[in-house]
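Here the structure is laid out as structure tokens; the discussion comes afterwards.
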Amino acid sequence: MSRAPGFAFEIANSVSRGETSASGIVEDALSRIDARDRDVGAFTDVVAERARRKAAIIDADRAAGRAIGPLAGVPFAVKNLFDVEGLPTRAGSKINRERSPAARDGALVRKLEGAGAILLGALNMGEYAYDFTGENAHDGPSRNPHDLTRMSGGSSGGSAAAVAAGFAPLSLASDTNGSIRVPSSFCGLFGLKPTYGRLSRAGTFPFVDSLDHLGPIARCVKDLALSYDAMQGADADDPACQPPGHAPTLREIELGANGLRVAIADDYFARGGFPEAFAAVERVANALNATRRVVFPEAARARAAAYLITASEGGALHRRTLAARAADYDPDTRCRLMAGAMIPTAWINDAQRFRRWFHDRALEIFRDVDIVIAPATPFSAPKLGQKSFMLDGSEIPLRANIGVFTQPISFVGLPVVAAPAAASGEAPIGVQIIAAPWREDLALRAAFELERTGVSRAPVAASFA
């Protein structure tokens with residue numbers, strides 16, 4: 001079997017210097033996907049000929065001395081809710097695959113390809129992004145490459161599985177309530193959920209407009225920063241995307257955690273999980289010399305309000321389709337969307353008022369600290385098909401509670417880097433590195449420090465290396 005792709009920044013440097021060709025990188029990636037993705041289930045569509053054409057253009061441009069971009073030759077893939085020209089935008093569903101093919105790529109796909117990256121295809125996901133497991137009723141599960149009997153996490157399961165298996169060094173995903181951070185935690189990867197409104201969502205199938213974020217998943221922090229820098233900028237096609245200017249981070253991350261004021265999330269974030277989740281936080285806190293503890297007030301209520309808004313907006317989006325084709329939905333997704341469509345307006349108004357209050361309280365925390373560390377998931381990846389778990393003698397539904405630590409944070413749009421933090425030899429599990437709005441750079445600096453000191457490691461899964 002051919003070697004695993006390197007990091008994105010290594011590939012780009014190698015192609016730029018002429019040490020390897022973009023075409024060779026692409027053929028290597030396509031060979032690995034063809035040989036091993038039947039085991040993983042990361043891809044739903046592979047655009048091999050498109051990738052080969054793009055690689056040939058990059059090689060020709062380099063040979064002619066033309067600019068080839070900071071991501072030249074880097075393979076990437078996207079969650080199948082991103083528009084890809086010539087493919088129907090599935091959003092993990094049975095119904096959407098009957099749509100007409102997309103006429104052009106989504107905004108972030110165009111930006112990455114404009115920087116020289118090469119699209120390999122579209123990735124498996126939970127139906128309509130309403131999932132934390134990575135198990136799709138129509139396409140089958142995206143399996144965790146570290147243990148194929150376990151979940152990759154959702155809803156961006158294919159996005160994490162493709163990177164963890166070494167099929168591509170970079171993927172794009174979405175995060176509404178945790179769908180970048182949960183798969184990153186389960187698969188031992190770095191993921192970036194940027195500030196709400198930082199990256200354009202134009203050309204993607206929505207889930208909950210007021211909560212949806214897009215971002216990258218990678219095996220190193222430099223790759224997150226490199227791709228994040230390439231995708232920034234306001235976009236009139238997404239009215240929510242009006243960031244306060246470009247904030248390149250690649251040149252800044254090597255500052256590490258020097259000078260950062262780091263705190264640990266306490267109270268709500270210090271219970272409701274397994275020992276491995278809190279051990280991961282402790283390892284990270286020790287590495288970053290964090291001793292101060294802070295409390296996000298009413299975090300449990302924030303999670304409840306996030307559930308209401310998610311269900312209501314998602315249910316409203318799908319109301320007509322549910323009425324016409326309810327039987328074509330995954331039963332779990334269908335029931336939650338139908339229930340959401342019936343939530344009283346007064347409840348949603350209360351949830352939105354509380355959302356504003358919680359947002360203001362969160363900002364108060366960041367007056368005195370730069371980043372806050374919290375668990376990403378309450379446990380490492382469960383077995384595929386698992387429906388519940390035991391905690392403190394009680395049986396708790398699994399699917400609804402995987403996002404117990406991620407939902408209160410995305411509820412108010414804070415930027416987060418998910419970073420792997422498992423002890424050597426243990427199953428992957430991650431932490432959230434949370435920053436104030438528009439300060440992704442600080443979270444990335446802290447993650448880089450963890451990577452540099454060896455606390456955070458994101459290798460290709462051993463059986464795929």
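Every heavy atom of this structure was used, including side-chain atoms; hydrogens, water molecules and symmetry mates were not.
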Task: Residue pairs fulfilling ring-ring contact (aromatic ring centres under 6.0 Å, His included) with at least one residue in residues 57-101, sequence neighbours excluded - done: none

TODO: Considering only NZ, NE, NH1 and NH2 on the basic side and carboxylate oxygens on the acidic side, decide whether D175 and R181 come within less than 4.0 Å.
DONE: yes

Task: Y128 and Y329 aromatic ring geometry - parallel, tilted or perpendicular at 30°/60° bounds - done: tilted

Task: Salt bridge flag under 4.0 Å for residues D235 and R110 - done: no

Task: Among N401, L211, I402, N177, the one residue meeting side chain to side chain contact (heavy atoms under 4.5 Å, CB included) with Q407 - done: N177

Task: Candidate pair S210 and E313, rule side-chain hydrogen bond (donor to acceptor under 3.5 Å, both in side chains), full reasoning - done: CA-CA 8 Å; S210 72; E313 286 193 34; 2.6 Å; yes

Task: T44 OG1 to L87 CG distance, which is reported to the nearest 0.5 Å - done: 8.0 Å

Open item on the list: Could you check whether T249 and D229, counting side-chain N and O atoms only, form a donor-acceptor pair closer than 3.5 Å?
Closed with: yes

Task: Presence of salt bridge, D45 and R50, under 4.0 angstrom - done: no

Task: Salt bridge flag under 4.0 Å for residues R32 and D34 - done: no

TODO: For the pair R104 and D237, find out whether any cationic side-chain nitrogen is under 4.0 Å from an anionic carboxylate oxygen.
DONE: yes

Open item on the list: Check this for me, if you would: do K94 and E127 make a salt bridge, where the nitrogen-to-carboxylate-oxygen distance has to be below 4.0 angstrom?
Closed with: no

Open item on the list: Would you say that V431 contacts S456 through its side chain, given a criterion of any heavy-atom pair below 4.5 Å between the two side chains?
Closed with: no

Open item on the list: Suppose we call two aromatic rings close when their centres sit under 6.0 Å apart. Are F296 and Y268 close by that rule?
Closed with: no

Would you mind writing out the side-chain donor-acceptor pairs for residues 343-350 within the sub-3.5 Å range, not counting sequence neighbours?
residue : atom : partner : partner atom : Å
D350    : OD1  : R353    : NH2          : 2.3

